[in-house]
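My structure is below; once you've seen it, I'll send some questions.
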Protein chains: 2
Amino acid sequence: MSVTIKDVSSHANVSIKTVSRVINNEKNVAEATRSKVLASIKKLGFTPNKSAQSLRSKRSYIIALLYDNPNKSYLADIQNGILQVCKKTGYNLVLQECDYKNKNLSNSIINFVEDLKIDGLIVIPPLSDMDDFLYKLGHANIHYSIITPSNKKFSSLYVSSNDYDATYQMTEKIISFGHKKIGFIKGDGMHSASNLRFNGFINAIDDYSLERNFDWIIQGDFSFESGFQAGEKIFSSAEHPTAIFASNDSMAAGVMKSAQMKKILVPNKLSIVGFDDTPTAEQVWPSLSTVKQPVIEMALHAAKLLIGEFDGLTEETVSKEFKSEIIIRESLKKLK
Amino acid sequence: MSVTIKDVSSHANVSIKTVSRVINNEKNVAEATRSKVLASIKKLGFTPNKSAQSLRSKRSYIIALLYDNPNKSYLADIQNGILQVCKKTGYNLVLQECDYKNKNLSNSIINFVEDLKIDGLIVIPPLSDMDDFLYKLGHANIHYSIITPSNKKFSSLYVSSNDYDATYQMTEKIISFGHKKIGFIKGDGMHSASNLRFNGFINAIDDYSLERNFDWIIQGDFSFESGFQAGEKIFSSAEHPTAIFASNDSMAAGVMKSAQMKKILVPNKLSIVGFDDTPTAEQVWPSLSTVKQPVIEMALHAAKLLIGEFDGLTEETVSKEFKSEIIIRESLKKLK
DNA sequence: TAGAAAATAGATATCGTTGTCAAAGAATGT
DNA sequence: ACATTCTTTGACAACGATATCTATTTTCTA
């Protein structure tokens, strides 16, 4: 049927073990032997049997993505990035949905990893914010790579984003457009990003000596509905802001709806800014100005880091921070 | 380390092979023996080693999802449904992105399946519309389950939706709201759904003796931009329709933007209807009336069908059609 | 240049299952 | 009662890799 190591070894006239050495990039193989074997591998179109490798070496060549109810578009981008690395390195990706409220989550994940002999995990928000969970994974000797960790001490493998700086810069941009009365809608407190984004906003406000008006600073939970409710609150206050910065696009769309229903013209009377650049941001009218994290690249890097732990990728891959891009669309306008 | 069949067999005082028989639900095991073994399995917390099973039985316990640039939210739902079945049955899901324009696609997929010993595939649009591709897969003896096939003859395993009927019914609903001048935006011709949806619309129009106005029937490609362009065309014609039905939500949002920019009030002067119920449908203002396929359930069923082929699930699972739901939101209003 | 150390290559056991085949026991037919 | 078939069970090989350990060759050191 399919080509095995044995076929390769007789074709190249070496031992089975030597072929194995070449496959696994082990040292102590003479250059001439190595190339001879590689030629045979290519000629015969050999690919190692994953099950056999896995059975013997106790590695599955599977990594898992842990997630809990993320934005669908975010999840798709994350997967996309990871898959690019998997394809190159011969790993497979398994998806594992989690419930972060489950008290027993760490145990069930540890079981999952041991059952399937999962080589490593990639963890995304909000699970990446759960210190206790990450601690237990580490304690069980599980490898994982974190995307936007709240606390970098739990793994040496992570990719972070500059949420604080990006929000600060976007706030500066709003201010540079002449806005002095700016509202803010916070995200779900469970996500560490919520605090980073709020801090970026409030520090910019302070640094430019603008007013902190707590009638316009509303707690949301990243949902469209919470954005809408925030809008209702803000627009029922005595004075209205001229711009509102929401911690994500869904809430921004919610605020926009609330404003439009009250005939507050966006962007002429009110500028609105979101965060994340989801597909919705382009499809609402007026289109949303927003902040775009390079999610695909971040996921790609996180996967490289993790797989590099096992395969020792030659390419230099270290944990690093990615910069977000500020996207100005119709919803943010200069104040006349 | 972990518990093996051998441990179970000595604990239950039977042979290794008998334990294997129990695990695989083979017949010709005495009831007493079976329950004795099951008890030992439970007591010791044994789970079979996937790699060993796979190596020996030539099955990978992996199924793959084939997709090409679908809507992100659709993809997420599809995955969600499949994963529910995988979790129960112990299969894993691998994602495989394809390029339907690639001339060599069928060969590369056949290689992929053979390399990874993939047990079966789940195919979604637009790949599910490519007769030649499906034919070649079948010819290579690959099992697959199709979601919304254009041609049911290629696999006995499929789930379909009632796109034609749903569009017909939604058109009836629009008509029942008093609309007589109704525009339509077609989807990408590569997707068989595009034709089904258009036929549902046009037949309803004809059955109710309404005017077919080809100034208002525009070819789109499912993108937001194409919807916007369609709107521009429609609104530049001499007479305007009072309702527009777009073949998906993105295009509906595009039309809506075009209308709003021209100060055509939605829904007071123009009703707009979409298809798919993506997250955007709720987040635009006014919110989109749309048609919702039970995507998660469809994917779940497709996965059951496929895995049932291998494991002979007891539950009755046959290919079937799922009914879509008509969702009325703010964008569709009775004509005064 | 002898002797030690390092590099290279191979023989064989092994991972944890399932497949094959044979054997023993139970049920059936005549 | 005996031959025949069916049911139930087990012994052992096999799947296709990697690990361990040993043997040989090359390189280095004094």
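Chain identifiers are assigned alphabetically (A, B, ...) following the order of the sequence lines, protein sequences preceding nucleic acid strands; residue numbering begins at 1 within each chain. Just the heavy atoms: all of them, side chains too, but no hydrogens, waters or symmetry mates, feed the values below. Only a predicted model underlies this, so the values are computations on that prediction, with no experimental measurement involved.
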What nucleotide among dC21(D), dT17(C), dG19(C) has an atom nearest to a side-chain atom of Glu26(B)?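 My answer, after comparing the listed nucleotides, is dG19(C).
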Looking only at the side chain of Ser15(B) (C-beta and beyond, no hydrogens), which of the listed nucleotides dT18(C), dA11(D), dT18(D) gets closest?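 Comparing dT18(C), dA11(D), dT18(D) against the side chain of Ser15(B), the answer is dA11(D).
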Among dT18(C), dG10(C), dT18(D), the nucleotide that comes nearest once only the side chain of Ile23(B) is considered: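 Selected nucleotide: dT18(C).
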Does dG10(C) have its OP1 or OP2 closer than 4.0 Å to a side-chain nitrogen or oxygen of Thr18(A)?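 True: Thr18(A) side-chain N/O within range (under 4.0 Å) of dG10(C) OP1/OP2.
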Considering only side-chain heavy atoms of Leu55(B), which listed nucleotide, dG16(D), dA13(D), dA19(D), is closest?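 The listed nucleotide nearest to Leu55(B)'s side chain is dG16(D).
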Looking at dG16(C), dG10(C), dA9(C), which one has an atom nearest to any side-chain atom of Ala30(A)?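 Nearest listed nucleotide: dA9(C).
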Between dA19(D) and Lys17(A), counting only base atoms on the nucleotide and side-chain atoms on the residue, is there a donor-acceptor pair under 3.5 Å?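 Present.
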Have a look at Lys58(A) and say if it touches a base, only the backbone sugar-phosphate, or nothing, with a 4.0 Å heavy-atom cut-off.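 The answer is sugar-phosphate, as Lys58(A) gets under 4.0 Å only of primed atoms, P, OP1 or OP2.
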Indicate, with a heavy-atom threshold strictly under 4.0 Å, whether Thr33(B) touches base, sugar-phosphate, or nothing.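 Sugar-phosphate contact only.
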Can a donor-acceptor pair under 3.5 Å be found between the side-chain atoms of Arg21(B) and the base atoms of dG10(D)?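 Between dG10(D) and Arg21(B), which were checked side chain against base, a qualifying N/O pair under 3.5 Å is present.
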Could a donor-acceptor pair under 3.5 angstrom be found where the side chain of Lys6(B) meets the base of dG16(C)?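 Checked by distance alone, the answer is no.
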From C-beta outward on Asn28(A), which listed nucleotide comes closest to its side chain: dA13(C), dA7(C), dA14(D)?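 My answer, after comparing the listed nucleotides, is dA7(C).
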Describe the nucleic acid contact of Asn49(A) in one word from base, sugar-phosphate, nothing, applying a heavy-atom distance below 4.0 Å.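 Contact class for Asn49(A): sugar-phosphate only.
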